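Before any comments, here is the structure.
Fair warning: this is a prediction, and the values are worked out from it, not measured in the lab.
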Amino acid sequence: VGVDRQGFGDAADRIQDLYLAGRKQEAIDAVPDDLVRNVSLVGPRGYVKERLAAFAEAGVTTLLIHPFGTDERESLGYVEELLTLTR
């Protein structure tokens with residue numbers, strides 16, 4: 001779903017204008033928290049697990065998972081932990 005249809009069209013335009021003007025930090029700062037929450041599962045583990053369980057209950061069968069971290073084993077372990085919620 002496009003950000004315009006989610007009600008973030010004006011914000012997206014502003015972010016793009018700032019970024020293209022070379023004002024990258026201002027572009028980052030202009031991203032609304034609600035937009036991030038609408039397109040990502042970002043936050044503490046408990047929150048991510050809660051939202052993932054809600055998606056599974058709603059019938060979602062496929063998600064793109066990309067954990068951020070510096071330790072690859074820890075990241076893979078976290079993905080495995082999340083997958084146990086859907087089994």
Side-chain angles (χ1 to χ4, degrees):
V1 176
V3 295
D4 196 36
R5 292 192 309 196
Q6 293 182 40
F8 295 103
D10 290 340
D13 291 341
R14 175 158 168 67
I15 293 162
Q16 181 177 20
D17 291 345
L18 290 167
Y19 183 85
L20 293 176
R23 297 162 55 188
K24 294 179 182 179
Q25 187 58 53
E26 288 179 64
I28 291 168
D29 294 341
V31 177
D33 290 343
D34 286 340
L35 173 58
V36 174
R37 282 190 281 276
N38 282 0
V39 300
S40 303
L41 290 177
V42 178
R45 284 178 183 241
Y47 173 77
V48 172
K49 286 181 179 182
E50 176 185 299
R51 297 305 307 140
L52 185 59
F55 279 121
E57 187 174 316
V60 173
T61 59
T62 304
L63 291 173
L64 175 63
I65 299 175
H66 184 89
F68 290 99
T70 57
D71 184 310
E72 186 175 324
R73 284 181 184 241
E74 182 180 348
S75 293
L76 289 174
Y78 185 46
V79 170
E80 290 173 351
E81 182 182 337
L82 293 173
L83 290 174
T84 63
L85 295 174
T86 61
R87 292 185 184 142

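- In this view, E26 and L18, R23 satisfy the side chain to side chain contact (heavy atoms under 4.5 Å, CB included) rule, not counting sequence neighbours.
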Sequence neighbours left out, cut at 3.5 Å: what donor-acceptor pairs do the side chains of residues 70-77 make with other protein atoms?
unit_1, atom_1, unit_2, atom_2, d
D71, OD1, R73, N, 2.9
D71, OD1, E74, N, 2.9
S75, OG, D71, O, 3.3

Return a table of donor-acceptor pairs under 3.5 angstrom between the side chains of residues 51-63 and protein atoms on other chains or two or more places apart.
none

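- Across all non-hydrogen atoms, the minimal contact from D4 to G9 is OD1-CA, 3.3 Å.
- The two residues A12 and V3 have their closest heavy-atom pair at CB-CG2, 3.6 Å.
- Residue V48 comes nearest to G43 through the heavy atom pair CG2-O, 3.7 Å, listed as atom of the first residue, atom of the second, then distance.
- Under the rule for a salt bridge (Lys or Arg N to Asp or Glu O under 4.0 Å), the partners of D34 that lie at least two apart in sequence or sit in another chain are R37.
- Of all heavy-atom pairs spanning F8 and L35, the tightest one is CZ-N, 3.6 Å.
- Smallest separation of non-hydrogen atoms from V36 and V42: CG1-CG2, 4.1 Å.
- Partners of R14 under the salt bridge (Lys or Arg N to Asp or Glu O under 4.0 Å) rule, at least two apart in sequence or in another chain, do not exist in this structure.
- Within a 6.0 Å sphere centred on CG of D29, heavy atoms belonging to other residues, nucleotides or ligands number more than 12.
- Linking ILVMFWY residues whenever their side-chain heavy atoms come closer than 4.5 Å, directly or via other members, leaves I28 and V39 in distinct clusters.
- When hydrophobic residues (I, L, V, M, F, W, Y) are linked wherever their side-chain heavy atoms come within less than 4.5 Å, the members clustered with Y19 are L20.
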